[in-house]
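These numbers come from the heavy atoms of this one structure, side chains and all, not from hydrogens, waters or symmetry mates. Just so we're on the same page: letters track the sequence lines, and every chain starts at 1.
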Protein chains: 2
Amino acid sequence: MALPHAIMTALLEDDMSGYELAKAFDVSVGLFWRSSHQQIYQELHKLADRGWLQCATVAQAGKPDKILYTLTEEGRDAMAEWVLGESRVQEGKDDLYVKLYNLSEDNANHLTAEISRRREHMMQRLYLYEKIRRRHYANPVSLPVRRKGVFLALLAGIRQGEQFLAWCDEALAMLGTIDEPVE
Amino acid sequence: MALPHAIMTALLEDDMSGYELAKAFDVSVGLFWRSSHQQIYQELHKLADRGWLQCATVAQAGKPDKILYTLTEEGRDAMAEWVLGESRVQEGKDDLYVKLYNLSEDNANHLTAEISRRREHMMQRLYLYEKIRRRHYANPVSLPVRRKGVFLALLAGIRQGEQFLAWCDEALAMLGTIDEPVE
DNA sequence: CGCCAATATGCAACCTTTTGCACAGTGAGC
DNA sequence: GCTCACTGTGCAAAAGGTTGCATATTGGCG
């Protein structure tokens, strides 16, 4: 289970509140381990209880108070240890492919539309990836070690995305040859 | 949630028992929606209660009795309806990438080993995919409609797998440039 | 006969994730 | 003053999934 570690990863460099964390997630580790703000708040409590995070209420000008979380030494140690553990192969779960097992003349149009939507969604995702890449990882060879790891994760996202677009095109071409049912 | 529908998909062509289903899963829909036998047995009960499956105890020679499940008309209707619904984009969750966010000299060797293991695992998976492809989907254009859908799912698996292997090689090359810490 | 492996089904406890809701402070605009 | 949007935190219930155990039949091997 990686959520607590994904959260601590986000806190490696910056102290953050739950709200900030939830937003930062959308453009960093969260790209590889998504979760909702409810889950994040809950997990932050657990991590603080375990002594891996420390928290402090901070007053802000023009905004409600926030609770700032800081990674403790114990937290850093736990992270280092976790990385050295076994990680299980993540098996895919995507109902799009289950639906494809049920392809028929009746639903070919619908599935075509779903794949188009997925394609569109992935294009946006790739646009985000490329923006991050250009901004922070233009020259990967010169990066410090940790950032090289982040770059590799980003690269995996980019490659997967590009591959998915190509598959969508193949799939759409094939689905285009299926005739609609006569009414 | 697609588990019930993945199960019904597996029962589209053949009636099966929970045990047979669990095994069939490993080489068909289960490739895209994995689940444990416990979950399958549980779900079969629910589906039978809902009237989407019918069950019958069957005596066997040389083996314990089994409970054979058959898709009902209601079940088929529910499937057809489900395919036409919205399916949400499946966000990836893989701790390998979270771990890469924590790359350091201390864990580079470990992560190299993990990626190698993943690569090996994916090679085996691809071998299975290719075996299925050669055996059943050598000439996709001539397939009946439903089988074309299955082929497209298979193709997605193959493409994703090949892309992953290529990424592993890139990652391993980059990790190879990181020096071990001096003891 | 005893033991193991394969076939076959299932419960119960637990953990994780999702869903829907609730509350409260602040600034901007009407 | 009212409403809206954004910031900020959280609970509670339900659904989904994992882990570990329990049980029973049959056939094969030593």
Practice item. Round to the nearest Å and state the distance from A:Met16 atom CE to D:dT9 atom P. Key: 12 Å
Review point. Atom CG of A:Asp65 to atom P of D:dT9: distance rounded to whole Å?
Key: 9 Å
Scan [X] against the nucleic acid and name what it touches under 4.0 Å (heavy atoms): base, sugar-phosphate only, or nothing.
| X | answer |
| --- | --- |
| B:Ser17 | sugar-phosphate |
| B:Lys46 | nothing |
| B:Arg88 | sugar-phosphate |
| A:His37 | base |

So, [X] and [Y], do they make that salt bridge, N to O below 4.0 Å?
| X | Y | result |
| --- | --- | --- |
| B:Arg146 | A:Glu105 | no |
| B:Lys66 | B:Glu20 | yes |
| B:Glu86 | A:Arg117 | yes |

Revision key, fill the gap. Nearest-nucleotide check on DNA chain C, A:Ser35 vs B:Lys23; residue mapping nearer the 5' end is B:Lys23
Practice item. Using only heavy-atom distances, determine whether the side chains of B:Thr70 and B:Asp15 contain a donor-acceptor pair under 3.5 Å. Key: yes
Point to revise | Closest to the A:Ile67 side chain, choosing from D:dG10, D:dT18, D:dG8 | key: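 When the side chain of A:Ile67 is considered, D:dG10 is the closest of D:dG10, D:dT18, D:dG8.
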Review point. Can you list the steps and then say if B:Leu103 with A:Val83 is a side-chain contact (heavy atoms from CB on, under 4.5 Å)?
Key: CA-CA 9 Å; B:Leu103 179 66; A:Val83 174; over 6 Å; no
Strictly below 4.0 Å: does [X] bring a side-chain N or O up to OP1 or OP2 of [N]?
| X | N | value |
| --- | --- | --- |
| A:Tyr19 | D:dT9 | no |
| A:Lys93 | D:dG17 | yes |
| B:Gln38 | D:dG17 | no |

Revision key, fill the gap. Under a 4.0 Å heavy-atom criterion, DNA chain C is touched by chain A from C:dT16 to C:dG27
**Study point:** CA sep, side-chain torsions, deciding dist, call: A:Asp94, B:Arg88, salt bridge (Lys or Arg N to Asp or Glu O under 4.0 Å)
**Key:** CA-CA 9 Å; A:Asp94 194 329; B:Arg88 68 177 54 185; over 6 Å; no
Review point. How does protein reach along nucleotides 23-30 of chain D, written 5' to 3' as B (base within reach of a heavy atom under 4.0 Å), S (only sugar-phosphate), or - (no contact)?
Key: --BSS---
Practice item. Give a yes or no on whether the ring-centroid distance for B:Tyr97 and B:Trp167 is below 6.0 angstrom. Key: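 Ring centroids of B:Tyr97 and B:Trp167 are less than 6.0 Å from each other.
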Practice item. Indicate, with yes or no, if the rings of A:Tyr41 and A:His45 have centres closer together than 6.0 Å. Key: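 So the answer is no for these two rings.
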